[in-house]
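Right, one structure below, let's go through it.
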Amino acid sequence: MTTMDEKLEAIMAEVMRRNTGEEEFIQAVREVLESLGRVVAKRPDYIDNALIERICEPERQIIFRVPWVDDQGRVCINRGFRVQFNSALGPFKGGLRFHPSVNLGIVKFLGFEQTFKNALTGLPIGGGKGGSDFNPRGRSDGEVMRFCQSFMTELSRHLGEYTDVPAGDIGVGAREIGYMFGQYKRLSNRYEAAVLTGKGLSYGGSRARKEATGYGATYFVEAMLATRGTSFDGKTCVVSGSGNVAIYTMEKIRAHGGRVVACSDSNGYVVDESGIDLDLVKEIKEVRRERISEYARQKGTGTRYITMGSIWDVPCDVAMPSATQNELTGKDARRLVANGVLAVGEGANMPSTPEAIRVFQEAGVLFAPGKAANAGGVATSALEMQQNASRDSWTFEQTEQRLASIMRHVHDTCAATADEFGAPGNYVLGANIAGFVRVAEAMRAFGVI
Ligand code: NDP
């Protein structure tokens, strides 16, 4: 474990005492505090003003009951969450996750990460996150709709285009956003387009939002590779997951001349040395909502479907974990390093364990943390809010250009901050410090609130 400044260690101890059992949240806070030693050495006022303690405490946490009726007429109960973490830079902004693993600790870790990520984009958005332990898998459209309507019936009182603006995340895509927006509109009697992002194009969505997280992560890794005089061209890549982030990461890697040979879902992974056939993955995942095993079944010879071991056993030059938190362990990292990995870019939030990150950094592997690399999604959500506010709709090219330039800004900010604080090439340190300073400066200006 990295050593921490004494005063920061005391703050960390208090965070652990207050948030007992919330492992992911504690892990996320520890990673940020471990980066801040060099900042507080220069700026002790951040400690004196309890700014760091305040940043580690969410502004508001909402937990609520979500009752709904399934297709058999049974009443089901789920738990809904919204953690409004920090609004120093703008309205709370961050996605909703529907997955059985969702609990308060996970939502808090995601909200905390989101605060720094949003700061890194340079756009006026605060940080928040929410969701439910509802599992959409295997549910009919009618059941998903009734769940979303019930969820929004409570959540709506806490939202607003100037207050809190949710979006999608795991288990929440265009279908779920559509049902939730419809219910919000009905309850509020207002067409408040910018209250949710990730909307369909026919009702205020932004072009390139669906693609933005994956495309953005690929731009970030391309910029990192350029610092070593190389690019995606001709590189073998592995992308975990096969959801929104994974699909559009694979699409952009291919456009940049790379070859993705493996992707996964929570049941297993497929290897296709000739290059993953994206049209088939989209058909299976976006249209038929089936398992990735279908890919191997349909493709047949030359394709393998593996349920044992880890997708990170597949040799590659570039690895982009794009499924979920802590999916890439220290053991996986050692295997990737032994196989000669050159760069790792996190499409998901906190997919690498702290041990894995240490292994990559010690081996000199280029490593892009999720809070920087996957910022393209929320950045394009902010562009969707801009379009809604000005009653405008931009072209795909215009939106993608803005996304590319924001990702360049995020990359360059992380790299320059790492240089400034004496850790060149350490994107974790660069992202944590740059994100923290922007939020802390705004909070300091507001006084003690
Ligand atoms: P999706 O629901 O579209 O896809 C998630 C993918 O990850 C699926 O293939 C899913 O498989 C897999 N997965 C989920 N949980 C697990 C698990 N416990 N073990 C193994 N695989 C799992 O979600 P997104 O693509 O939107 O999100 C992926 C990651 O990216 C998350 O960490 C999210 O927070 C992050 N992210 C997303 C953004 C966005 O714009 N969507 C923005 C920034 C970050 P299965 O179908 O089997 O569950």
Side-chain angles (χ1 to χ4, degrees), residues 24 28 93-102 106-107 109-114 116-118 120-121 125 127 129-131 134-138 166-177 197-198 205-206 208-217 220 239-251 262-270 281-282 284-286 288-295 307 310-312 320-329 332 345-352 368-384 403 407 410:
E24 292 85 358
K93 181 89 198 82
L96 298 169
R97 176 177 292 191
F98 292 168
H99 192 273
S101 64
V102 167
I106 288 187
V107 178
F109 121 65
L110 290 164
F112 181 76
E113 291 280 290
Q114 194 80 45
F116 302 104
K117 177 188 313 191
N118 294 3
L120 281 172
T121 65
I125 38 180
K129 201 83 186 189
F134 171 71
N135 187 359
R137 195 192 298 169
D169 191 77
I170 292 179
V172 177
R175 173 182 61 170
E176 291 75 17
I177 294 289
T197 59
S206 172
R209 173 60 189 91
K210 184 174 65 170
E211 294 83 356
T213 308
Y215 279 20
F220 193 102
V239 178
S240 63
S242 49
N244 173 266
V245 178
I247 287 175
Y248 293 96
T249 297
M250 295 194 267
E251 186 164 280
C263 67
S264 63
D265 61 21
S266 52
N267 295 106
Y269 63 98
V270 287
V281 174
K282 284 186 186 176
I284 292 170
K285 287 293 174 181
E286 293 186 334
R288 283 152 41 190
R289 296 179 188 275
E290 289 177 348
R291 313 307 301 153
I292 202 67
S293 53
E294 267 303 296
Y295 182 95
T307 53
S310 157
I311 189 172
W312 310 116
M320 298 198 59
S322 307
T324 194
Q325 64 274 1
N326 292 326
E327 54 159 310
L328 197 164
T329 64
D332 295 325
E346 294 189 326
N349 283 310
M350 209 169 75
S352 312
K371 66 168 75 70
N374 70 30
V378 74
T380 309
S381 276
L383 302 182
E384 182 174 332
L403 166 67
M407 292 314 293
V410 175

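Just so it is clear, the structure is predicted and the values come from calculations on it, not from any experiment. Just follow the structure's listing: the first ligand is 1, and inside any ligand the first atom is 1.
Looking from atom 12 (C) of ligand 1 to the surrounding protein, the closest heavy atom is Ala323 CB, 3.8 Å. The single protein non-hydrogen atom nearest to atom 42 (C) of ligand 1 is Thr213 OG1, 3.4 Å, given as residue, atom name and distance. With hydrogens left out, the protein atom closest to atom 6 (C) of ligand 1 is Gly243 N, 4.0 Å, a heavy atom. Shortest contact from atom 41 (N) of ligand 1 to any protein heavy atom: Asn244 OD1, 3.6 Å.
Annotation: Lys129 places no N or O atom under 3.5 Å from an N or O atom of ligand 1; distance criterion only. Checked by distance only, ligand 1 and Asp265 stay at 3.5 Å or farther apart across all their nitrogen or oxygen atoms. For Gly241, no nitrogen or oxygen atom sits less than 3.5 Å from a nitrogen or oxygen atom of ligand 1, counting backbone and side chain alike. The shortest N or O to N or O distance between Lys117 and ligand 1 is not below 3.5 Å. On a distance-only criterion, Asp169 and ligand 1 share at least one N/O pair closer than 3.5 Å. The N/O atoms of Asn267, backbone and side chain alike, include none that comes under 3.5 Å of an N/O atom in ligand 1. Below 3.5 Å of separation, one finds no N or O of Ser322 facing any N or O of ligand 1. Below 3.5 Å of separation, one finds no N or O of Leu110 facing any N or O of ligand 1. Between Arg97 and ligand 1, at least one pair of N/O atoms sits closer than 3.5 Å.
The option with the heavy atom closest to atom 24 (P) of ligand 1, from among Val245, Val378, Ile292, is Val245.
Residues forming a side-chain hydrogen bond (donor to acceptor under 3.5 Å, both in side chains) with Arg97 (at least two apart in sequence, or on another chain): Asp169, Gln325.
Residues Asp332 and Thr329 have side chains that bring a donor and an acceptor to within less than 3.5 angstrom of each other.
Across all non-hydrogen atoms, the minimal contact from Lys129 to Gly94 is CD-C, 4.4 Å.
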